[in-house]
Amino acid sequence: MKDLKVIFMGTPEFCVPILDELIKTCNVLLVVTQPDKEVGRKKEVVYSPIKKLALEHNIKVFQPIKIKEDYEEIISLRPDIIITCAYGQIVPEEILNAPRFGCINVHASLLPKLRGGAPIHKSIIYGYDKTGITIMYMDKGMDTGDIISKVEIKIEGTDTVEILHDKLSKVAVPLLMDTLPSIINGTNKREKQNEDEATYAYNVSRQEEHVDFNKTSKEIYNQIRGLNSWPGAYATLEDKNIKLWLSKIGNKKYNEKSGTIVNLDKNGMEVVTKDGSIIITELQVPGKKKMNIKDFINGNKKEDYLGKMFK
């Protein structure tokens, strides 16, 4: 496939193994990624992981602010195929109709489940027991195009979004490379998505990062691991936002109100929930690094926390 002219569109770390393999096996004409970001007080310019990889291989990078209005450079290159993965903008029909083999997308869920920008996070938060990668033709909808191929993986009860991210990234590459030849020679399958089965995984909002202890222990456990290691779940204690990184489900029920800290020892910080308790085993207070509960206890008196309530 060395003669296959490819334009790749993507942004986060998840896409890096895919682009790396395409560079090795195809003729990557252009990489399209989101504009650079300014980070921190010094407003240092940060490149996306995909841009960094492209520049390492002397591949031209295109970063339109609004691709719906700025796409002529992509069309002018006359690619055979456009491959996208977590690009971050809706691709206009002018681009979708340009390549002779079409535009395909590598999506981190088993479509039509979890359409949208945060399928890995939401698969854990929503309590799914499996997910996967779907290769699909792109259309003007959000992840609504015809399915070409899939691979399924199990979500383990201890998976965080970081762990699941890495698992999915690894299986995405072989699925794409196994699927590409059938797209080129026209032997691939093309399956319509069942709209009745569709669910959505919109980008995580700040509100979704907040832990509400009026939920069940299982819901909170899934929320915490579904936001670890980014952006992180949090709850407010005495006007301070405490990041909650790791937890386990308690096995007792309490009469105290949800959100009350009822125990604090080497096993964790136990907080009352709707149906029992959740035990926080790794947290982060403002201005400090992540710490396990043993380190937290070493620097704090448990009497200062028992009976206090998270909000």
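Index from 1, following the sequence.
Put simply, the side chain of L30 does not reach to within 4.5 Å of the side chain of F8, judged on heavy atoms. Looking at V6 and F101, their side chains never come closer than 4.5 Å, going by heavy atoms from C-beta outward. Two residues are said to be in side-chain contact when any heavy atoms from C-beta on lie closer than 4.5 Å; L55 and K52 fail this criterion. I297 has its side chain out of reach of K302: every pair of non-hydrogen atoms, C-beta onward, lies at least 4.5 Å apart. Side-chain contact check for P112 versus T199: every heavy-atom pair is 4.5 Å or farther apart. I67 is listed as a side-chain neighbour of I74, based on a closest heavy-atom distance under 4.5 Å. Two residues are said to be in side-chain contact when any heavy atoms from C-beta on lie closer than 4.5 Å; F213 and V272 fail this criterion. Annotation: side chain of I7 is in contact with side chain of V32 (closest heavy-atom distance under 4.5 Å).
Between the side chain of S277 and the main chain of E270, no donor-acceptor pair closer than 3.5 Å is present. Using modelled atom types, no side-chain atom of T84 and backbone atom of Y87 make a donor-acceptor pair closer than 3.5 Å. No donor-acceptor pair closer than 3.5 Å links the side chain of T260 to the backbone N or O of M309. In this structure a side-chain-to-backbone donor-acceptor pair under 3.5 Å is present from Q193 to G145. Remark: the backbone N or O of P64 is paired with a side-chain donor or acceptor of Q89 at under 3.5 angstrom. With hydrogens and angles disregarded, no donor-acceptor distance shorter than 3.5 Å links the side chain of T236 to the backbone of D239. Of the possible donor and acceptor atoms, one in the side chain of T179 sits under 3.5 Å from a partner among the backbone N and O of L175. Under a 3.5 Å cut-off, the side chain of D80 and the backbone N or O of K5 do form a donor-acceptor pair. Panel note: side chain T134, backbone K150; no donor-acceptor pair is recorded below 3.5 Å. In this structure, the side chain of S76 engages the main chain of E73 through a donor-acceptor pair within 3.5 Å.
Partners of K288 by side-chain contact (heavy atoms from CB on, under 4.5 Å), not counting sequence neighbours, listed by chain and number: V285, M291. With sequence neighbours excluded, the residues forming a side-chain contact (heavy atoms from CB on, under 4.5 Å) with A172 are I18, V106, I133, listed by chain and number.
No more than 12 heavy atoms of other residues, nucleotides or ligands lie within 6.0 Å of CG in D3, so this atom counts as exposed by the packing criterion. K43 NZ: 12 or fewer foreign heavy atoms inside a 6.0 Å radius. Enclosure of atom CG in N255 is not indicated, since only 12 or fewer non-hydrogen atoms of other residues, nucleotides or ligands lie within 6.0 angstrom. In K290, the NZ atom is crowded: over 12 heavy atoms of neighbouring residues, nucleotides or ligands sit closer than 6.0 Å.
Note: the hydrophobic cluster containing V151 does not contain M136 (ILVMFWY, side chain heavy atoms under 4.5 Å, direct or indirect links). Hydrophobic cluster membership differs between I81 and L77, with clusters built from Ile, Leu, Val, Met, Phe, Trp and Tyr side chains linked at under 4.5 angstrom. Note on L111: it does not cluster hydrophobically with I135, by side-chain heavy-atom contacts below 4.5 Å among ILVMFWY residues. No chain of hydrophobic side-chain contacts below 4.5 Å, direct or via other Ile, Leu, Val, Met, Phe, Trp or Tyr residues, connects Y221 to Y126. Follow the hydrophobic side-chain contacts under 4.5 Å out from V91 and you reach L29 in the same cluster.
The pair K113-E197 fails the salt-bridge criterion, with no side-chain N (NZ, NE, NH1 or NH2) lying under 4.0 Å from an Asp/Glu carboxylate O. Contact check on E195 versus R115 returns a salt bridge, with a Lys/Arg side-chain nitrogen under 4.0 Å from an Asp/Glu carboxylate oxygen.
H57 NE2 to K24 NZ: the interatomic distance, rounded to the nearest 0.5 Å, is 8.0 Å. Between I59 atom CD1 and L19 atom CG the span is 6.0 Å, to the nearest 0.5 Å. Going from atom CD1 of I147 over to atom CG of L110 covers 9.0 Å, rounded to the nearest 0.5 Å. Once rounded to the nearest 0.5 Å, the distance linking CG of L246 with CD1 of I224 reads 8.5 Å. Interatomic distance, D129 CG to E156 CD, rounded to the nearest 0.5 Å: 10.5 Å. In this structure, CG in L176 is found 5.0 Å from CD1 in I83, a value given to the nearest 0.5 Å.
Aromatic rings of Y305 and F296 (six-membered ring for Trp) have centroids within the 6.0 Å cut-off, being under it.
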Check the pair M138, I104 against side-chain contact (heavy atoms from CB on, under 4.5 Å), reporting the backbone distance first and the verdict last.
-> CA-CA 5 Å; M138 296 176 67; I104 66 168; 5.7 Å; no

Derivation of the salt bridge (charged side-chain N to carboxylate O under 4.0 Å, His left out) call for K167 and D159 = CA-CA 10 Å; K167 288 181 179 179; D159 281 348; 3.0 Å; yes

Taking it one step at a time, do L53 and D20 satisfy side-chain contact (heavy atoms from CB on, under 4.5 Å)?
-> CA-CA 8 Å; L53 180 60; D20 188 49; 4.0 Å; yes

How far apart are the C-alpha atoms of K66 and D70, what are their side-chain angles, what is the distance that settles it, and do they pass the salt bridge (charged side-chain N to carboxylate O under 4.0 Å, His left out) test?
-> CA-CA 6 Å; K66 293 183 179 180; D70 188 7; over 6 Å; no

Audit row: I124, L227, side-chain contact (heavy atoms from CB on, under 4.5 Å) steps and yes/no = CA-CA 9 Å; I124 296 176; L227 296 172; over 6 Å; no

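Looking only at atom types and distance, the side chain of Y234 has no donor-acceptor partner in the side chain of Q284 under 3.5 Å away. With hydrogens and angles left out, the side-chain atoms of Q34 and S48 include no donor and acceptor closer than 3.5 Å. No donor-acceptor contact under 3.5 angstrom links the side chains of S109 and T131, judged on distance only. A side-chain donor from one of Y137 and N188 sits under 3.5 Å from a side-chain acceptor of the other. With no hydrogens or angles considered, no side-chain donor-acceptor pair links S258 and T273 at under 3.5 Å. Counting only N and O atoms by type, the side chains of D275 and S217 include a donor and acceptor under 3.5 Å apart. In summary, the side chains of S182 and T187 do not present any donor paired with an acceptor at a separation below 3.5 Å, with no hydrogens or angles considered. Counting only N and O atoms by type, the side chains of D36 and Q63 include a donor and acceptor under 3.5 Å apart.
The heavy-atom pair separating P286 from I242 by the smallest distance is CD-CD1, 4.0 Å. Taking both residues in full, the closest heavy atoms of F14 and A108 are given as CZ-CB, 4.0 Å, listed atom of the first, atom of the second, then distance. Taking both residues in full, the closest heavy atoms of C15 and I50 are given as CB-CD1, 3.5 Å, listed atom of the first, atom of the second, then distance. What you find for G116 and H107 is that their closest heavy atoms are O-CE1, 3.2 Å. Here the shortest heavy-atom pairing between I23 and K2 reads O-NZ, 3.3 Å. Between V211 and A233, the closest heavy-atom pair is CG2-CB, 3.8 Å.
The side-chain hydrogen bond (donor to acceptor under 3.5 Å, both in side chains) test with E208 is passed by exactly one of K122, Q223, H121: K122.
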